Amino acid sequence: MKTKYMNPYLAGFFLGLVLLAAIFITGRGLGASGAIKSIVVATVDGVAPAHAEQSSFYGSYVGAGQDNPLKSWIVFEVAGVLIGGFLSGLISGRLKFVSEGGPRISVKSRWIFAAIGGALFGIGAQFARGCTSGAALTGMAVLSTAGFITMMAIFGSGYMIAYFFRKLWI
Amino acid sequence: MGPFVPELISDQMNLIVALLIGIAFGFVLEQAGFSSSRRLAGVFYGYDFTVLRVFFTAAVTAMSGSLLLAYFGYLDLQSVYVNPTWLMPAIVGGVIMGFGFIIGGYCPGTSICAAAIGKIDAMFFVGGGILGVFAFGELYPLYHTFYESTALGPIKVFDSLGISQGLFAFILIAVAVGAFTITTMIEKRANKSSAPSLEFKPLKHKIAGAGIIMLGVVFIFMPSRQAHLTEKVQSASYGASHSVKIISPDELAYRIIDKESSVQVVDMRLPEQFATLALPGSVNVQVKDLFGKELTPILSDRRVVKVVIGQNEDESRTAALLLQELGYENVAMLQGGLENFQHTILIPKIANTGNRWDAGVNIFRSNASTVISKMIADAKNKQPKIAKQEKKIQGGC
């Protein structure tokens, strides 16, 4: 049976408590894109270690004296997100292989657009030093200027271009 | 006092904490409906404002909680990682992410959560994200200069706007509640039959909204913990009802010469004053440092008497009372402050009380002056002792 989603304000309150717990216990907030970066760095380092060490981007994360990029806080946290999301889906009866999209778009196009969107998010998160979770949400909670700027830039550009991509969603 | 990394929680333990926090994060995201790209994209088309509601409520909750914990002394906000600002990269990155959000329908955190319950489009999004970061890394030299440009450090938004922390907190709360109200109206108009907000119970939501705005008003008038406690210990009634152990300059001189390990001189004067004259073995501490957790190791040893020094009697007393109010034990103040020490020991004052110890005291002071002056001169040639330790918490995405 498919159950309903939680009241968004209640969910936001709980999400805020999780974020507060992260800040209170570990002194840092939540994140997601950092783990994707760790996976990329670890993969490049595994496939072409010389290239990774020479690169000015990967170089600061790999090489002698550096821990494995996968043994990091953010990777463990994101592993937790996978587990937590799965548990929630299991409890609420939402485990299902399915694709979602607007009514006017085919599943294959949806996959292509999802991958393009993911790539853009990956690139943008590097410039902004974090994504919606790490830069915007956590940044706002700790009152970082960057957090508010990133949040406004994400949603501002989203609203400005939404009209042109409406066929994807409505 | 939080955060508990790195003192109480080791690096290894922190990874376990990360996993547990991640599980809670993923669970809440999924329960909120963030595992659905259609729901997420709805915020941009007016048919579903779940994202805005969850996002702003979470930010307001975590911010309010941090401010309250800091006010009551449970959290050292100075030790919390604040993501630094690179102004132009933050804007450009945010704009690119806005495109990613509209086109992809997820953000990284929600895509991982959605992939966990089998959303295939989310798996494509995660795969795209990996390729995106890889492409960024390979082409990095092209925009390396831009990437590092307009670095402003870990600045806080209320400082950037030139307003107080409390006022900003109130504004953020007011904006959030305002946005909730307006978007609910838009959502019901755009989506007459199945808007998520149709299920809300208006009364409960109005009460919650009013409550959070009242909390915002409290923030405007809530002084910082430092301002509040400093004012408290300076009031006449507080001084009358609280006492501090007093140590005379002679006693302190004796214990300094003896190099007693059970004495720690805490010099609360300004760094410039400390640079001019510092007693042997003393640490320079500013009032704001007392409200962090970095000095806890130095100040919390009960077997060590903390001799608090100000320039004069009043400064010394206020600072010592503040340490006691913060819960530190075995605190004493130097009688008359450093100026008294200077005029009693360093420039030996002739004891003339008429009792039979005067002669002995005078011999002691004249010897002490020589010995301590030499200790001060020797210490000056060495590295200055810095009480503050390096911050260790790393963060960021």
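Every value quoted in this text rests on a predicted model; they were computed, and no experiment measured them. The chains referred to below are lettered A, B, ... by the order of the sequence lines, with proteins before strands, and numbering in each begins at 1.
- We find the CD1-CG distance between A/Ile25 and B/Leu8 to be 11.0 Å, quoted to the nearest 0.5 Å.
- B/Lys119 has its side chain within reach of A/Val98: a pair of non-hydrogen atoms, C-beta onward, lies under 4.5 Å apart.
- The distance from the OG atom of B/Ser66 to the CG atom of A/Leu19 is 7.0 Å, given to the nearest 0.5 Å.
- B/Arg38 places a side-chain N or O within donor-acceptor distance of the main-chain N or O of A/Trp169, the cut-off being under 3.5 Å.
- Considering all non-hydrogen atoms of both residues, A/Gly16 and B/Ala62 come closest at O-CB, 3.7 Å.
- Contact tally against chain B (heavy-atom pairs below 4.5 Å) for A/Leu120, A/Val81, A/Ile170, A/Val78: the top residue is A/Val81.
- Judged as a ring-ring contact (aromatic ring centres under 6.0 Å, His included), not a single pair has a partner in residues 66-96 of chain A (not counting sequence neighbours).
- In terms of non-hydrogen atom pairs under 4.5 Å with chain B, the most contact-rich of A/Ala115, A/Gly89, A/Gly122 is A/Ala115.
- Chain A forms the most heavy-atom pairs under 4.5 Å with one residue out of B/Gly42, B/Gly137, B/Gly2, and that residue is B/Gly137.
- Of all non-hydrogen atoms in A/Ala11 and B/Ala32, the two that sit nearest each other are CB-CB, 3.5 Å.
- Between the side chain of A/Ser144 and the main chain of B/Asn83, a donor-acceptor pair closer than 3.5 Å is present.
- Relative ring orientation between A/Phe57 and B/Phe136 is described as perpendicular, the plane-to-plane angle rising above 60° on a 0-90° scale split at 30° and 60°.
- Between chain A and the options B/Leu77, B/Leu69, B/Ile9, heavy-atom pairs under 4.5 Å are most frequent for B/Leu69.
- With a threshold of 4.5 angstrom between heavy atoms, A/Met152 does not approach chain B through any atom at all.
- The heavy-atom pair separating A/Ser88 from B/Gln31 by the smallest distance is OG-NE2, 2.9 Å.
- Contacts of B/Met123 with chain A are made by side-chain atoms alone, with heavy-atom separations under 4.5 Å and no backbone atom involved.
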Does the pair B/Tyr143 and A/Phe127 meet the rule for a side chain to side chain contact (heavy atoms under 4.5 Å, CB included), with working shown? CA-CA 10 Å; B/Tyr143 34 72; A/Phe127 280 115; 3.9 Å; yes
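- A/Thr145 and B/Ser160 share a donor-acceptor pair across their side chains, judged by distance under 3.5 Å alone.
- The line from CG of B/Leu20 to CD of A/Glu77 is 11.5 Å long, rounded to the nearest 0.5 Å.
- From B/Trp86, atom CH2 reaches atom CZ of A/Arg129 across 4.5 Å, with rounding to the nearest 0.5 Å.
- Options A/Leu95, A/Leu15, A/Ile161 differ in how many heavy-atom pairs under 4.5 Å they form with chain B, and the most are formed by A/Ile161.
- Listed in order of number, the residues of residues 126-135 of chain B that approach chain A to under 4.5 Å between heavy atoms are B/Gly128, B/Gly129, B/Ile130, B/Gly132, B/Val133, B/Phe134.
- Atom CD of B/Gln12 has 12 or fewer heavy atoms from other residues, nucleotides or ligands within 6.0 Å.
- Using non-hydrogen atoms only and a strict 4.5 Å limit, the part of residues 44-54 of chain A facing chain B consists of A/Val44, A/His51.
- B/Asp121 approaches A/Glu100 most closely through the heavy-atom pair OD2-O, 3.0 Å.
- For the pair A/Arg28/B/Val5, no side-chain contact is recorded, criterion being any heavy-atom separation below 4.5 Å from C-beta on.
- Both the backbone and the side chain of B/Tyr74 come within contact range of chain A, each with at least one heavy atom under 4.5 Å from a heavy atom of that chain.
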Going through the checks in order, is the side chain to side chain contact (heavy atoms under 4.5 Å, CB included) test met by A/Tyr5 and B/Arg39? CA-CA 11 Å; A/Tyr5 292 117; B/Arg39 248 183 122 89; 3.2 Å; yes
Determine, stepwise, if the pair B/His205 / A/Asn7 fulfils side chain to side chain contact (heavy atoms under 4.5 Å, CB included). CA-CA 11 Å; B/His205 284 223; A/Asn7 175 303; 3.2 Å; yes
B/Ile120/A/Phe97 under side chain to side chain contact (heavy atoms under 4.5 Å, CB included): CA gap, chis, key distance, verdict: CA-CA 6 Å; B/Ile120 299 166; A/Phe97 283 107; 4.2 Å; yes
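- Put simply, the side chain of A/Tyr58 reaches to within 4.5 Å of the side chain of B/Glu138, judged on heavy atoms.
- Options B/Val51, B/Leu67, B/Val92, B/Val43 differ in how many heavy-atom pairs under 4.5 Å they form with chain A, and the most are formed by B/Val43.
- Contact count versus chain B (heavy atoms, under 4.5 Å) is highest, among A/Gly101, A/Ala21, A/Ser55, A/Ser38, for A/Gly101.
- Contacts with chain B (heavy atom to heavy atom, under 4.5 Å) involve these residues of residues 104-113 of chain A, listed by number: A/Arg110, A/Trp111, A/Phe113.
- The part of B/Val17 that comes within reach of chain A is its side chain, from C-beta onward, which places non-hydrogen atoms under 4.5 angstrom from that chain.
- Side-chain N or O atoms of B/Tyr45 include one that pairs as donor or acceptor with a backbone N or O of A/Ala162 at under 3.5 Å.
- Seen from the ring of B/Phe44, A/Arg166 does not count as a face-on cation partner, given the 6.0 Å and 45° thresholds.
- Your options are A/Thr138, A/Leu137, A/Leu168, and the one with the most heavy-atom pairs under 4.5 Å with chain B is A/Leu137.
- Both the backbone and the side chain of B/Ser36 come within contact range of chain A, each with at least one heavy atom under 4.5 Å from a heavy atom of that chain.
- Put simply, the side chain of A/Thr26 does not reach to within 4.5 Å of the side chain of B/Phe4, judged on heavy atoms.
- Taking a 6.0 Å sphere around CG of A/Asn68, one finds it holds more than 12 heavy atoms contributed by other residues, nucleotides or ligands.
- Here A/Ser56 is the residue among A/Ser56, A/Ser72, A/Gly102 with the most heavy-atom pairs under 4.5 Å with chain B.
- To the nearest 0.5 Å, atom CG of residue B/Leu161 and atom CZ of residue A/Phe148 are 9.0 Å apart.
- There is no contact between B/Pro196 and chain A, counting heavy-atom distances below 4.5 Å.
- In this structure, B/Ala90 and A/Thr150 approach most closely via the heavy-atom pair CB-OG1, 3.9 Å.
- With respect to chain A, the highest number of heavy-atom pairs below 4.5 Å among B/Tyr147, B/Phe55, B/Tyr47 belongs to B/Tyr147.
- Minimum heavy-atom separation, B/Pro3 to A/Ile23: CB-O, 3.8 Å.
- Highest contact tally toward chain A, considering only B/Ile102, B/Leu87, B/Leu52, B/Ile21, is held by B/Ile102 [criterion: heavy-atom pairs under 4.5 Å].
- Note that the CD1 atom of B/Ile155 and the CD1 atom of A/Ile149 stand 6.5 Å from one another [nearest 0.5 Å].
- Ranked by heavy-atom pairs under 4.5 Å with chain A, the first of B/Leu15, B/Asn14, B/Asp76, B/Thr61 is B/Leu15.
- With a threshold of 4.5 angstrom between heavy atoms, B/Phe200 approaches chain A through side-chain atoms but not through N, CA, C or O.
- Between B/Phe27 and A/Val18 the shortest side-chain heavy-atom distance does not fall below 4.5 Å.
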